[in-house]
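The block underneath contains the structure these notes are about, expressed in C-alpha cells.
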Amino acid sequence: MAVTSTRRRPFNPFSLDAVNFLLADVRGALGPYLNVFLVTEQHWSQTEVGLVTTIAGLLGLAVQAPIGAAIDETRAKRGAIVLALAVLGIGAAVIFAWPSFWPVVIANSLMAIVGDVFGPRSPP
C-alpha cells in the first residue's frame, strides 16, 4: 500500500497575480453590461437601473472589510474563489433568465458581495 504525501505546495505569487488578472475583467465588465442589457433589451428606466446598482454597490462596500478579513483568515482560499465564481455565474444567469426587479436586485447584490473575494490580497 502506497503512502501519499500531504505536503502543501509553497505559495506561488504568480498564481495569485494570474487569478486577479483574469477575474478583474469578469467582475468589472458585468456592471456596464448589466446596465446596457436592462435599459436596451429589457426596457428598464435609468432610475430602476440606478437603484439596482446603488443597492448592490452599497452592499458590496458594506461587506468588503468583513469579507477581506475572512479571506485573510481562512485556509480554504481556493474554495472561496470557486464558491465566489459559482455565485457570480449563477447571479448572471438569474439576471438573464428573470430580468424583473427583485431577482435582479438580489442577484446583482450577491454578485457585488462575492466580487469582494476577488480583490487584491497580500500573500499568506
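One is the number of the first residue; the rest follow in order along the sequence.
- Scanning both residues, Ala56 and Ala112, for their nearest heavy atoms gives O-CB, 3.3 Å.
- Of all non-hydrogen atoms in Phe37 and Pro99, the two that sit nearest each other are CE2-CB, 4.3 Å.
- Taking CZ of Phe101 as the start and CG of Leu38 as the end, the distance is 10.5 Å to the nearest 0.5 Å.
- Here the side chains of Val117 and Leu83 are not in contact, with every heavy-atom distance at 4.5 Å or above.
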CA sep, side-chain torsions, deciding dist, call: Ile106, Val94, side-chain contact (heavy atoms from CB on, under 4.5 Å): CA-CA 9 Å; Ile106 293 167; Val94 166; over 6 Å; no
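- Note: Thr53 OG1 to Asn35 CG = 5.5 Å, rounded to the nearest 0.5 Å.
- The minimum heavy-atom distance linking Gln46 with Val39 is given by the pair CG-CG2, 4.5 Å.
- Here the side chains of Leu51 and Thr47 are not in contact, with every heavy-atom distance at 4.5 Å or above.
- Looking at Val82, Ile81, Val87 one by one, the single match for side chain to side chain contact (heavy atoms under 4.5 Å, CB included) with Leu85 turns out to be Ile81.
- Cluster annotation: Ile90 and Val52 are assigned to distinct hydrophobic clusters (Ile/Leu/Val/Met/Phe/Trp/Tyr, side-chain heavy-atom contacts under 4.5 Å, transitive).
- Residues Ile95 and Met111 are in side-chain contact: their nearest non-hydrogen atoms beyond the backbone lie under 4.5 Å apart.
- In this structure, Val114 and Ala84 approach most closely via the heavy-atom pair CG2-O, 3.7 Å.
- Residues Leu110 and Leu61 do not share a hydrophobic cluster, defined by chaining ILVMFWY side chains whose heavy atoms lie under 4.5 Å apart.
- The backbone N or O of Ile71 lies less than 3.5 Å from no partner atom in the side chain of Thr74, so there is not a single donor-acceptor pair.
- Ala107 approaches Gly91 most closely through the heavy-atom pair CB-O, 3.6 Å.
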side-chain contact (heavy atoms from CB on, under 4.5 Å) between Thr40 and Val36, intermediate numbers included: CA-CA 6 Å; Thr40 61; Val36 170; 3.8 Å; yes
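- A 4.5 Å side-chain heavy-atom check between Val63 and Ile67 finds at least one atom pair inside the cut-off.
- Linking Ile, Leu, Val, Met, Phe, Trp and Tyr residues whenever their side-chain heavy atoms come within less than 4.5 Å places Tyr33 and Trp44 in a single cluster.
- Grouping the Ile, Leu, Val, Met, Phe, Trp and Tyr side chains by contacts below 4.5 angstrom, directly or via other members, places Trp102 apart from Trp98.
- Separation of atoms CD1 (Ile113) and CG (Leu88) is listed at 12.5 Å; rounding is to 0.5 Å.
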